[in-house]
Protein chains: 2
Amino acid sequence: MERQRETIELSKARQPAEIGPARLDRQEHSTGTLGKALEVLDLIAHAPKPLRFTDILHQLNQPRGTLHRQIANLIEEGLVELNPDHSYAPGIRLLNLAARAWSKNSFRSIAEPHVRALHEATGETVHLGQVTDIQVVYLDKFESIQTVRMHSQVGNASPLYCTGIGKAMLALLPEDELDARVKRIEFNRHTQSTLYTAELLLSELDEIRRTGISHDREEHEPGIRCVAAGIGSFQSGTIAGISVTAPAFRIDEEMLVAWEKLVVKAARAIEADMKSKLGPRHQE
Amino acid sequence: MERQRETIELSKARQPAEIGPARLDRQEHSTGTLGKALEVLDLIAHAPKPLRFTDILHQLNQPRGTLHRQIANLIEEGLVELNPDHSYAPGIRLLNLAARAWSKNSFRSIAEPHVRALHEATGETVHLGQVTDIQVVYLDKFESIQTVRMHSQVGNASPLYCTGIGKAMLALLPEDELDARVKRIEFNRHTQSTLYTAELLLSELDEIRRTGISHDREEHEPGIRCVAAGIGSFQSGTIAGISVTAPAFRIDEEMLVAWEKLVVKAARAIEADMKSKLGPRHQE
DNA sequence: AAATGTCGTTCCATTATTTGGAACATAGTT
DNA sequence: AACTATGTTCCAAATAATGGAACGACATTT
């Protein structure tokens with residue numbers, strides 16, 4: 001589609017589909033217009049600082065007119081907002097949609113009592129997360145003390161390779177799937193103890209598979225440790241995890257062991273509930 | 001586009017744009033494919049119970065093939081998820097997008113310290129809301145006690161006519177804009193004291209404009225009262241509101257007066273902050 | 001077991017929408 | 001005033017979406 005205009009004079013008729021092999025390495029299904037619009041939205045949503053029109057233009061390499069209309073559509077739909085200084089921000093309609101997504105998420109609502117119970121049993125911060133490609137998205141969070149806002153994490157995404165939940169989820173993947181995803185991970189050494197190569201990660205995953213417990217030993221943020229367990233399986237279609245997080249100084253060996261047991265117990269309880277509440281409808 | 005197939009034999013060339021008058025009563029700008037996709041997403045997100053393919057088909061009155069591809073695209077993009085029982089739910093990618101929208105929302109972050117201060121001064125639940133067409137969307141919430149989940153309201157929408165914040169925001173609208181929106185309101189009598197006609201509402205808005213304070217006297221939910229004030233103006237482009245909510249039995253006259261003052265003070269403080277933090281960039 | 005109905009999926013010529021390039025507009029700078 | 005970077009509009013050409021029908025998979029009825 002790029003710079004080919006000069007050469008197509010001879011064959012203006014559209015090529016029939018069987019010529020196709022050129023698009024071997026493309027994504028499976030293009031989602032067409034929707035995908036392009038979301039590319040813009042994602043860029044706006046994930047930008048570290050507010051983007052102006054030209055910033056987006058340069059990052060996406062699209063014609064001005066096209067991008068302009070795409071953004072106009074996004075604004076019209078309330079997915080993007082135009083700031084007074086001509087920068088763009090994601091729109092509050094997203095909040096509304098997400099509120100529905102959150103309350104309707106059956107996995108989250110099934111897990112909720114167990115997440116709460118784990119929080120009450122440990123008194124520490126408990127996270128519930130779900131895998132999305134090569135990230136963990138936090139579905140829920142019970143904060144230890146209400147100093148930080150509860151929202152701080154729900155809906156946010158973190159890397160898989162340096163979080164307790166993330167590693168627990170990776171350990172649930174079958175080998176081929178795991179390899180495919182690990183290849184796409186971009187390792188960053190967040191702290192001294194971050195597992196910063198695929199090799200280190202894979203050998204840690206072996207350990208996690210054996211014990212059923214995953215640890216974050218200050219691998220993502222200095223001073224923060226966590227204990228996590230995976231939930232679900234690749235076959236079941238749900239791959240998630242639950243974790244207890246606390247400052248490193250507050251944790252001693254005895255508590256660690258206790259938490260491990262509680263976290264695993266919670267994970268198994270959630271799995272059991274899922275089977276009884278979702279399985280029947282699926283299998284009957 | 002409907003049943004015209006037989007008649008267009010003679011003019012296959014596309015009509016030039018100046019013929020346009022046929023589309024007089026259409027919406028301003030059609031957002032094309034994006035709008036259609038969001039129609040489906042909205043339906044799935046706002047349905048009281050999980051929808052299956054055919055449910056959506058009947059509600060949207062579209063050809064099967066078309067709808068099928070639209071949903072497939074939404075799923076491919078992670079905006080919709082397919083449950084094991086073949087029903088659809090909004091996807092967790094929405095959570096991720098919304099988390100960004102929330103943290104990047106400049107109005108919300110400017111207001112946050114004032115919302116928190118109001119919460120601490122009153123000890124009651126404080127809401128921050130923003131107008132969206134004929135609804136109020138809650139941007140933030142500080143709960144009185146942490147019994148209910150904090151998420152319960154953020155991102156959710158309520159009617160304008162029967163909530164304290166909603167009425168406060170309506171009172172900020174210029175007359176023509178107000179009329180246009182009130183016309184589209186569908187009044188429901190949630191409680192005995194709900195203002196259930198446009199007349200009742202408009203005369204209440206007069207009162208709110210005079211005093212600068214809006215009350216919800218158990219108009220939305222029995223036993224729940226609130227005191228609210230509007231923030232911003234139609235001209236400034238921000239129309240929002242802040243409120244203190246409490247069970248009716250807990251409120252006496254003295255507190256009510258105190259809250260009114262505090263709420264108005266918070267609203268004015270937020271407006272001042274907005275001017276100093278957003279205005280400059282805009283005007284300089 | 002066969003027949004019927006419902007539901008979800010696939011296909012493809014027709015039709016409508018998006019695209020891309022350029023021209024036009026509007027600040028902000030030298 | 002000229003220059004630059006930015007935002008907006010336009011339209012033929014390229015592309016994607018549509019709509020109808022046919023297909024397959026199940027479930028229910030005869």
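Lettering of chains follows the sequences in order, A, B, ..., and the numbering in each one begins at 1.
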Nearest-angstrom distance from the residue atom CD1 of A:I71 to P of C:dT19: 12 Å
Is the shortest side-chain heavy-atom distance between A:L160 and A:M169 below 4.5 Å? yes
Hey, which of A:V80, A:L95, A:I44 is the one that makes side chain to side chain contact (heavy atoms under 4.5 Å, CB included) with A:P90? A:I44
Do the charged groups of A:D42 and B:R93 touch, with an N to O distance under 4.0 Å? yes
For nucleotides 7-13 of chain C, 5' to 3', base contacts (B), sugar-phosphate-only contacts (S) and non-contacts (-) with protein non-hydrogen atoms under 4.0 Å give BBBB---
Salt bridge or not between A:E177 and A:R181? Use side-chain N to carboxylate O under 4.0 Å. yes
Computed from five pairs at either end and rounded to 10 degrees, the angle between the axes of the helix from C:dA1-D:dT30 to C:dT30-D:dA1 is 30°
Flag side-chain contact, heavy atom, 4.5 Å: A:V131 against A:L172: no
What I want to find out is whether B:E271 reaches B:R268 closely enough, with some N-O distance under 4.0 Å, to be called a salt bridge. yes
One thing to verify: whether A:E112 and A:R108 come together as a salt bridge, which I'm taking to mean a side-chain N less than 4.0 angstrom from a carboxylate O. yes
When rounded to whole Å, the CG to C1' distance for the pair A:L51 and D:dT6 reads 15 Å
Does B:D85 pair with B:R52 as a salt bridge, N-O distance under 4.0 Å? no
CG of B:L34 versus P of D:dA17: gap in Å, rounded? 12 Å
